[in-house]
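A short worksheet on the structure shown next.
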Amino acid sequence: MSKKVCIIGSGKWGSAVAKLVAENVSSSSTFNNEVKLFVYQELFKGRKLTDVINHDHVNPMYLPDVTLPSNILAVPCPREAAKDADIIIFILRQQFLGNICEQMQGGIKRDALAISLTKSLYHGEKGNEATVELKCASDVIYEKLNLKASVLMGPNLADEIAKEKFSETTIACPDMELWTMWKELFHCKYFNVKFSKQVKAAELCGALKNVVAAAAGLSDGLDCGKNSKAAIIRLGFLEMKKFIKQFIENVDDEIFWEPCGFPDLVATCYGGMTRLVVDAYVKSNKTLREVEIELFHGNYLEGPINVKQVYVWLINRGGVEEYPLLRAVYGVFHENKPFQYFVESLKSSF
């Protein structure tokens, strides 16, 4: 029996992936032709967004210049979208993942397969501040829905993929028997899939590069120049590696050179939304929240959130002094330090 696919999340990245996946399943006997897409119900020019997507085959809110395949069915309820799905693809902003998973509880197949494209970090407390636990998106999915998720991470700027410009990505999944299925679902002539067994390392690469991208945005906003930005990216990459090796035992360095590692870091530091919004924030006289509302559909940037999660985890283990870039980014976004503090605090670290 063909496998039914559901995508949870319909922002720019979710819509781009929906296009790619819907095109792939239409020529496959492995998957059902219909791809259900959970869409947060908004109004666009007086019409429900789900109606616009289903009838006009375009997402005018997030991907207005790209035609979506007609085999995408937009559904306004996550539980309804996922109830019969054999494969659930999570592409949600950081602040929505936990709540949406809770809405899906009790309404999905027990043997459903999951994959996360969310590049986020979370922390919770167990009893007291000293036992703060750092979690990735896949951990949240498992805790809320009892689904062990593979992850897809890479230099995947949504606009370019939607326009079928070539990109590579890493799918990390310890079960090699699933690799053929994941490749059939995601791989195509413009989206090249590579595989790894290092799920947590790949996922941390995706989350931590947003912290470095925030640093790149600060550098651009302060007009530090390309040489300084290159130095910031180098230092950020070293701190990413250091943290991942501190967090996970026996990390194979190969993961840092896969698409989910250094390539994703470079793409995000030059073309990602975090860099763009932070750059605009530095150059404005507005709050970060005001700029997020203007440029990011009101979503919260993952870089400033992720740096707080990492900082809290490190401070409770006495190791934050070893991460000067992370401390500088945290200082600007969470200690009300002036933008120039970011540059001055790093001068002795290069």
Side-chain angles (χ1 to χ4, degrees), residues 9 13-14 16-17 20-21 87-94 97 113-123 133-143 147-158 161 167-183 185-187 191-213 233 236-269 272 274 302-303 305-307 309-310 313 326:
W13 183 212
V17 170
L20 183 156
V21 167
I87 297 170
I88 305 174
I89 303 169
F90 290 88
I91 317 178
L92 292 166
R93 303 305 311 177
Q94 189 157 19
L97 180 62
L113 298 173
I115 187 165
S116 172
L117 282 65
T118 298
K119 300 175 179 180
S120 302
L121 294 175
Y122 309 78
H123 76 260
E133 182 182 14
L134 187 65
K135 304 174 185 178
C136 295
S138 65
D139 297 316
V140 175
I141 293 167
Y142 180 73
E143 289 181 3
L147 296 176
K148 291 184 177 180
S150 303
V151 301
L152 186 153
M153 304 281 147
N156 306 144
L157 302 179
I161 292 169
S167 178
E168 292 185 320
T169 200
T170 301
I171 292 181
C173 172
D175 186 352
M176 294 177 63
E177 293 183 1
L178 295 178
W179 288 8
T180 299
M181 184 201 69
W182 288 136
K183 185 169 185 177
L185 188 61
F186 289 101
H187 181 87
F191 196 66
N192 188 44
V193 173
K194 296 181 178 294
F195 288 96
S196 171
K197 292 182 179 180
Q198 299 188 75
V199 176
K200 194 61 67 180
E203 195 168 16
L204 282 171
C205 281
L208 293 171
K209 58 92 181 182
N210 284 320
V211 175
V212 186
I233 292 172
F237 182 57
L238 292 176
E239 291 192 13
M240 283 174 57
K241 290 177 64 178
K242 181 186 295 185
F243 181 84
I244 290 170
K245 289 189 172 185
Q246 182 176 347
F247 192 81
I248 308 170
E249 294 182 357
N250 302 318
V251 176
D252 187 340
D253 274 14
E254 182 180 350
I255 194 68
F256 299 115
W257 303 105
E258 292 295 330
C260 64
F262 188 70
D264 191 14
L265 174 64
V266 172
T268 307
C269 285
T274 293
E302 290 171 327
I305 296 175
N306 288 347
V307 75
Q309 316 298 13
V310 173
W313 191 84
L326 186 150

Shortest non-hydrogen separation from [X] to [Y] and the atoms involved:
X    : Y    : answer
T118 : A137 : O-CB, 3.7 Å
P263 : P155 : O-CB, 3.6 Å
L152 : F186 : CD1-CD2, 3.8 Å
G303 : V211 : O-CG2, 3.8 Å
G261 : C205 : CA-SG, 4.1 Å
A114 : F90  : CB-CE1, 4.0 Å

Count the heavy atoms belonging to other residues, nucleotides or ligands that lie under 6.0 Å from NZ of K200, then report whether that count exceeds 12.
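Yes, NZ of K200 has more than 12 neighbouring heavy atoms, counting only those of other groups under 6.0 Å.
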Counting only heavy atoms not in K197, do more than 12 sit closer than 6.0 Å to its NZ atom?
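Atom NZ in K197 is not packed in, count stays at 12 or less.
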side-chain contact (heavy atoms from CB on, under 4.5 Å), paired with M153, selected from E203, K209, E258:
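Exactly one candidate clears the test, E203.
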What residues, two or more places apart in sequence or in another chain, satisfy salt bridge (Lys or Arg N to Asp or Glu O under 4.0 Å) together with E302?
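Expected list: R93.
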Salt bridge (Lys or Arg N to Asp or Glu O under 4.0 Å) against E143, all qualifying residues, sequence neighbours excluded:
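Salt bridge (Lys or Arg N to Asp or Glu O under 4.0 Å) list for E143, sorted by chain: K135.
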Run the ring pair (Phe, Tyr, Trp, His ring centres under 6.0 Å) check on W257 and F237 step by step: do they pass?
CA-CA 11 Å; W257 303 105; F237 182 57; 5.2 Å; yes
Which value, rounded to the nearest 0.5 Å, describes the distance between [X] atom [atom1] and [Y] atom [atom2]?
X    : Y    : atom1 : atom2 : result
I244 : L204 : CD1   : CG    : 5.0 Å
E133 : Q309 : CD    : CD    : 12.0 Å
S196 : I171 : OG    : CD1   : 11.0 Å
I115 : L147 : CD1   : CG    : 12.5 Å
S150 : I89  : OG    : CD1   : 11.0 Å
N156 : T268 : CG    : OG1   : 9.0 Å

Assess whether a salt bridge exists between D264 and K119, defined as any Lys/Arg side-chain N lying under 4.0 Å from an Asp/Glu carboxylate O.
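Looking at D264 and K119, the cut-off is met.
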With side chains defined as the heavy atoms from C-beta onward, is the minimum distance between [X] and [Y] less than 4.5 Å?
X    : Y    : result
I141 : L97  : yes
I305 : L121 : no
P259 : K194 : yes
C269 : V212 : yes
M181 : L113 : yes
N192 : H187 : yes

When the ring planes of F243 and F247 are compared, do they come out parallel, tilted or perpendicular, using 30° and 60° as the limits?
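Answer is parallel, since the angle falls under 30°.
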Hey, can you tell me if F195 and W179 have their rings parallel, tilted or perpendicular (30° and 60° cut-offs)?
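Ring orientation of F195 relative to W179: parallel.
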CA sep, side-chain torsions, deciding dist, call: Q94, N306, side-chain contact (heavy atoms from CB on, under 4.5 Å)
CA-CA 9 Å; Q94 189 157 19; N306 288 347; 2.9 Å; yes
